[in-house]
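What follows is a set of notes on a single structure, which appears directly below.
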Protein chains: 2
Amino acid sequence: MTVVQHGARLPVYRQIADRLRAAIEAGAIPPGDRLPSEAALVAEYDVSRGTARRVHRYLASLGLVEVEPGRGAYVVERQP
Amino acid sequence: MTVVQHGARLPVYRQIADRLRAAIEAGAIPPGDRLPSEAALVAEYDVSRGTARRVHRYLASLGLVEVEPGRGAYVVERQP
DNA sequence: CGAAATTTGTTCGTATGTATC
DNA sequence: TGATACATACGAACAAATTTC
């Protein structure tokens, strides 16, 4: 894992979310595409599911993604 | 249910897995035989499917069983 | 052959307990 | 005290693979 553990300036969920946000804004994850699932984030970053959920929740609070129960977190269409 | 609930020293999925492991090692469930399905574990121990899945996954991590999609969890042939 | 049933795979929603900072 | 983070455990819904009828 590359993210800095608990106690760092930024919480782990923010570090991961910032990465995804950068990828979204760079177009690497285009609108309509699905973000890594909670389970995928758990596996990729070796974090708990709670932290993975927070990543999605935080990005949703920014209006960048929409989380759909049973389906996943999708990048929303950007405002022109 | 006979297993001890959440908060106990051993998690529920471990308690159930340990029972099955003992049965496997005792030869009660011979190699090639199928373990109780997730649904069967749910019914027998009154646990959630997630916990039942964990039982299979844990035994698989021990190399005792192989889980095959659509088929079930099977006891592997033992090393001589 | 095809439909139904069975079984595992995946996804998110929610709650609880513990530990740490 | 509160936020963070871990692990466990419940549930719901749908998908995919396989078996059974």
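In what follows, chains are A, B, ... by sequence order, proteins preceding strands, each numbered from 1. Please read these numbers as outputs of a predicted model, since none were measured by experiment.
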Nucleotide [N], atom [atom2] - distance to [atom1] of [X] in whole Å:
X	N	atom1	atom2	answer
A:R9	C:dC21	CZ	C1'	16 Å
A:D46	D:dC6	CG	P	8 Å
A:L10	D:dA3	CG	C1'	14 Å
A:R71	C:dG13	CZ	P	13 Å
B:E66	C:dT7	CD	C1'	16 Å

Nearest to the [X] side chain among [options], which nucleotide is it?
X	options	result
A:P69	C:dG13, D:dA7, D:dC10	C:dG13
B:P11	D:dC10, C:dC12, D:dT8	D:dT8
B:R49	D:dG11, C:dG9, D:dC6	C:dG9

For DNA chain C, the residues among residues 50-60 of chain A that have a non-hydrogen atom under 4.0 Å from it: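 Of all residues in residues 50-60 of chain A, the ones placing a heavy atom under 4.0 Å from DNA chain C are A:R53, A:H56.
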
Expected output is a numbered-order residue list: members of residues 30-41 of chain B with a heavy atom under 4.0 Å from any atom of DNA chain C. What is it?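 Hits under 4.0 Å, by residue number: B:R34, B:S37, B:E38.
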
Under the side chain to side chain donor-acceptor pair (under 3.5 Å) test, which residues partner A:E68, sequence neighbours left out?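 For A:E68, the residues satisfying side chain to side chain donor-acceptor pair (under 3.5 Å) (neighbours in sequence not counted) are A:R71.
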
Taking every non-hydrogen atom, the tightest pair across [X] and [Y]:
X	Y	answer
A:V67	A:A60	CG2-CB, 4.4 Å
A:V55	A:Y13	CG2-O, 3.6 Å
B:V65	B:A73	CG2-CB, 4.5 Å

Do any side-chain atoms of residues 35-43 of chain A form donor-acceptor pairs under 3.5 angstrom with protein atoms, and if so which ones, sequence neighbours left out?
unit_1: A:S37; atom_1: OG; unit_2: A:A39; atom_2: N; d: 3.4
unit_1: A:S37; atom_1: OG; unit_2: A:A40; atom_2: N; d: 3.0
unit_1: A:E38; atom_1: OE1; unit_2: A:R49; atom_2: NE; d: 2.7
unit_1: A:E38; atom_1: OE1; unit_2: A:R49; atom_2: NH2; d: 3.1
unit_1: A:E38; atom_1: OE2; unit_2: A:R53; atom_2: NH1; d: 2.7

With sequence neighbours excluded, residues passing salt bridge (charged side-chain N to carboxylate O under 4.0 Å, His left out) with B:D18: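 B:R14, B:R21.
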
For the OG1 atom of A:T51 and the CZ atom of A:R57, what is their distance to the nearest 0.5 Å?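 So the OG1 of A:T51 and the CZ of A:R57 are separated by 10.0 Å.
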
State the pairing partner of C:dC1; accept Watson-Crick or G-U wobble contacts with both distances under 3.5 Å, and report none otherwise.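 Across any shown strand, C:dC1 pairs with none.
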
Partner residues of B:A23 under the side chain to side chain contact (heavy atoms under 4.5 Å, CB included) criterion, sequence neighbours left out: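 So B:A23 forms a side chain to side chain contact (heavy atoms under 4.5 Å, CB included) with B:A28, B:I29.
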
Ignoring backbone atoms, test whether B:Y13 places a side-chain nitrogen or oxygen under 4.0 Å from the OP1 or OP2 oxygen of D:dT8.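 Yes.
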
When clusters are formed by joining ILVMFWY residues with side-chain heavy atoms under 4.5 Å apart, either directly or through shared neighbours, do B:L62 and B:I16 land in the same one?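 Yes.
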
